[in-house]
Amino acid sequence: MTQQPDTPASPDAATAPQLYLIAPVGAVPGAIAPLLAEIVERFRPVCIRIPGAGDEDRLGRVADVIRDIAHAYDIAVVIDDHIQLAQKHGLDGVHLTTGAKQVRYARKELGADAIVGAFCGASRHEGLSAAEAGADYVSFGPAGETGLGDGETVPLDLFEWWSEMIEVPVVAEGGLDPALIATLSRMTDFLAIGPEIWGDETPSKKLSTLWR
């Protein structure tokens, strides 16, 4: 995933992470379009990820809407796990929620130019396996408290170790707040924000409190 010097999270644009936007789960195409267009115009994320929940028809319509908005600004679009939907709807790749398990298969199906990312929870081993299998980026999370799952969060020293030792870009996601973003900004390539803003009446305004 190519980094672009847009809207840094800190004054040092040379080292600042880039914004990786997660679309809302269960998005309705007509409703998400204006909200997403405003966010893209103001904040220029480097990538937008579509959650994979829902039936094929709805996901396809959501993918088409998000792709058209994102590609107008040269922003990449990936979707959770659905390799065939990524191909069918002209997306840039997939975000695999199963760690390293399907990285090689996704690469074979989508080709060398596609984005293949892997979510690896809090597992350094899984992250290394995904990187060795050819993932373009590895995502760890949740970085902060979310109230979901077993409550385990990623130790911040994992991000620090990864950024110092591994060349494959790293994404931090889950439970991000301004203080955590400030800490993670020196040790991540991308910060994934989505659930933190979509419950707000004005998602773009909420994002402005997180992403400066």
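What you are looking at is a predicted structure, and each value in this text was computed from that prediction instead of being measured. Throughout, numbering of the chain's residues begins at 1 and tracks the sequence.
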Report the C-alpha separation of L191 and V171 in whole Å, then their side-chain angles, then the decisive distance to 0.1 Å, and conclude whether the side-chain contact (heavy atoms from CB on, under 4.5 Å) test is met.
CA-CA 6 Å; L191 292 169; V171 180; over 6 Å; no
Under the side chain to side chain donor-acceptor pair (under 3.5 Å) criterion, do Y73 and E41 qualify, and how do the steps go?
CA-CA 8 Å; Y73 292 88; E41 175 65 29; 2.6 Å; yes
C47 vs V78, test: side-chain contact (heavy atoms from CB on, under 4.5 Å). Steps then yes/no.
CA-CA 7 Å; C47 184; V78 298; 3.9 Å; yes
side-chain contact (heavy atoms from CB on, under 4.5 Å), that's the test. Do D80 and V94 meet it? Break it down for me.
CA-CA 6 Å; D80 283 355; V94 293; over 6 Å; no
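Residue pairs meeting the ring pair (Phe, Tyr, Trp, His ring centres under 6.0 Å) criterion with at least one member in residues 92-136, sequence neighbours excluded, are H95-Y137.
Under the 3.5 Å distance criterion, the side-chain polar atoms of T209 are matched with a main-chain donor or acceptor of K206. Between the E173 side chain and the G141 main chain, no donor and acceptor come within less than 3.5 Å of each other. At distances below 3.5 Å, not a single donor-acceptor pair connects side-chain atoms of R44 with backbone N or O atoms of L19. When atom types are taken as modelled, the side chain of D189 and the backbone of P17 share no donor-acceptor pair closer than 3.5 angstrom. In terms of modelled atom types and a separation under 3.5 Å, the side chain of E126 and the main chain of A100 share a donor-acceptor contact. A donor-acceptor pair under 3.5 Å is absent between the side-chain atoms of T146 and the main chain of P142, judged by distance alone.
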Could you list the donor-acceptor pairs under 3.5 angstrom formed between side-chain atoms of residues 154-162 and any protein atom two or more places apart in sequence or on another chain?
from: E160; atom 1: OE2; to: R186; atom 2: NH1; distance (Å): 3.1
from: W162; atom 1: NE1; to: V168; atom 2: O; distance (Å): 2.8

Show me the donor-acceptor pairs, under 3.5 Å and distance only, between side chains in residues 82-90 and residues at least two apart or in other chains.
from: H82; atom 1: NE2; to: G52; atom 2: O; distance (Å): 3.0
from: Q87; atom 1: NE2; to: E109; atom 2: O; distance (Å): 2.9
from: H89; atom 1: ND1; to: D64; atom 2: OD1; distance (Å): 2.8

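P203 approaches L35 most closely through the heavy-atom pair CD-CD2, 4.2 Å. When all heavy atoms of G175 and L180 are compared, the closest pair comes out as O-CD2, 3.7 Å. The two residues P178 and L210 make their nearest non-hydrogen contact at CD-CD2, 3.5 Å.
In summary, K205 and D200 do not engage in a salt bridge, as defined by a charged side-chain N under 4.0 Å from a carboxylate O. Between E132 and R104 there is no salt bridge, since no side-chain nitrogen of the basic residue lies less than 4.0 Å from a carboxylate oxygen of the acidic one. At a threshold of 4.0 Å, the pair D136-R107 counts as salt-bridged, since one of the basic side-chain nitrogens sits closer than that to a carboxylate oxygen.
Taking a 6.0 Å sphere around CG of D55, one finds it holds more than 12 heavy atoms contributed by other residues, nucleotides or ligands.
Every residue meeting the side chain to side chain contact (heavy atoms under 4.5 Å, CB included) condition with P29, not counting sequence neighbours, appears here in chain and number order: R61, V62, V65. Evaluation of the side chain to side chain contact (heavy atoms under 4.5 Å, CB included) rule for D81 yields L96, T97 as partners, not counting sequence neighbours. With sequence neighbours excluded, the residues satisfying side chain to side chain donor-acceptor pair (under 3.5 Å) with S204 are E38.
V25 and I22 end up in different hydrophobic clusters when Ile, Leu, Val, Met, Phe, Trp and Tyr side chains are linked at under 4.5 Å. There is no path of hydrophobic side-chain contacts, each under 4.5 Å, that joins V28 to I69.
Residues L207 and F43 are in side-chain contact: their nearest non-hydrogen atoms beyond the backbone lie under 4.5 Å apart.
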